[in-house]
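Here's the structure, in structure tokens; my notes come after.
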Amino acid sequence: MQNYSIGVDLGGTNLRIAAYTREKSLLDTILLPTRLKAGRDAVVEDLCSGVETLERRFSSQLTLVGVGIGTPGPLELPAGRLHHLPNFPGWDGFELKAHLEARLGRSVIVESDANLAALAECELGLGRTLGLDSLCMLTLGTGVGNGIILCGKIWDGAHGMAGEAGHATIYPDGPACPCGSNGCLEMYASATAVVRSANERIAGGSAPGLEQSEGSPQWTARTLAHAADAGNADAARIYTEAGQALGIGLATLVNTLNVPLYVVGGGLVQAWHLMEAPLFEELNHRSYIYRLTAPGSKIANGHPRGATRVLPAELGPDAGLLGACILPFLDLKRS
Ligand SMILES: [Zn+2]
């Protein structure tokens, strides 16, 4: 029988559970709201019932190789324990892996969602397209997620907590971040951040182009990008600043990691064209490793691994779910 896996993407808004094969990709996906208000146990029950529904549907024709679970971080490994999830009140210290295994009666693999998005981008997206097995990804969503893949494997770090570059300090005196620091990358380059920035500018009177008449809908990351595209200079400035923050953050990552590929994904990447120029300006200025190895550089031209590339993601919003689905297959290969 052919092998299949079950992947779960536990998000703050949606809970997605999918069956997957290497040949056919996603076979079936269950989409549920994440019932955070109903409490931890209710969410765990929804998740496990979804896994069992798919198992009943597919296990007569296919062999289940494993269940991969993606959750927001920080996640402690190998215990599979959650810590300080900003959008999951009451989950601090929760033994997610142990609870799921007890309820399902089988082992599960738990990983942070940003790591899984990076894994999927490496295995099924840009990594595959470019023939590369190492990359660093930033996922620009509600916050800024980060995942590092080295030689085809997630770099978890000592405690499972590697890949938190969303909390790299960009401006030391910047706005307070839920992580406890100030001026983190996610305070500038997330969907939440661009909307907050717009509202602050309106309140401070520094963005007349963003002021709206009474009763108009609130700005969103998407409507701000549309306004910038239509020539609104105040909206464009917000994306310029997001691009600059990304360039500063990426410069440190390029100088530290020297992996061949940096991928920018998540919902905000739809505004890549607005962020690209300021991003590369900062990256060129702040990373000599980037200048030495950028496309067209002397080192890149003669080198078997080519240039350092910074590109928008190839996979869309399914990246984290796909990563959860392929994780059991990679585990199988290694064991
Ligand atoms: Zn932070």
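Throughout, residue positions are numbered sequentially from 1 according to the sequence presented. Since the structure is predicted, the reported quantities are computational estimates derived from the model, not experimental observations. When a ligand or atom number is given, it counts from 1 through the structure's own listing order.
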- If you leave out waters, which protein N, O or S atoms are less than 2.8 Å from the Zn ion (ligand 1)? His167 ND1, Cys177 SG, Cys179 SG, Cys184 SG

- Query: Name the one of Asp156, Val110, Ile69 that satisfies side-chain contact (heavy atoms from CB on, under 4.5 Å) with Leu75?
  - Reply: Val110

- Task: Carefully, step by step, assess Ser49 and Glu45 under the rule side-chain hydrogen bond (donor to acceptor under 3.5 Å, both in side chains).
- Result: CA-CA 6 Å; Ser49 315; Glu45 187 49 39; 3.2 Å; yes

- Task: Give every residue pair that meets the ring pair (Phe, Tyr, Trp, His ring centres under 6.0 Å) criterion with at least one member in residues 97-118, sequence neighbours excluded.
- Result: Phe94-His99

- Message: Using side-chain heavy atoms (C-beta onward) and a distance below 4.5 Å, is Asp28 in contact with Phe58?
- Response: yes

- Message: Any donor-acceptor pair under 3.5 Å linking the side-chain atoms of Thr53 with those of Arg57?
- Response: no

- Salt bridge present between Glu241 and Arg237 (N-O < 4.0 angstrom): no

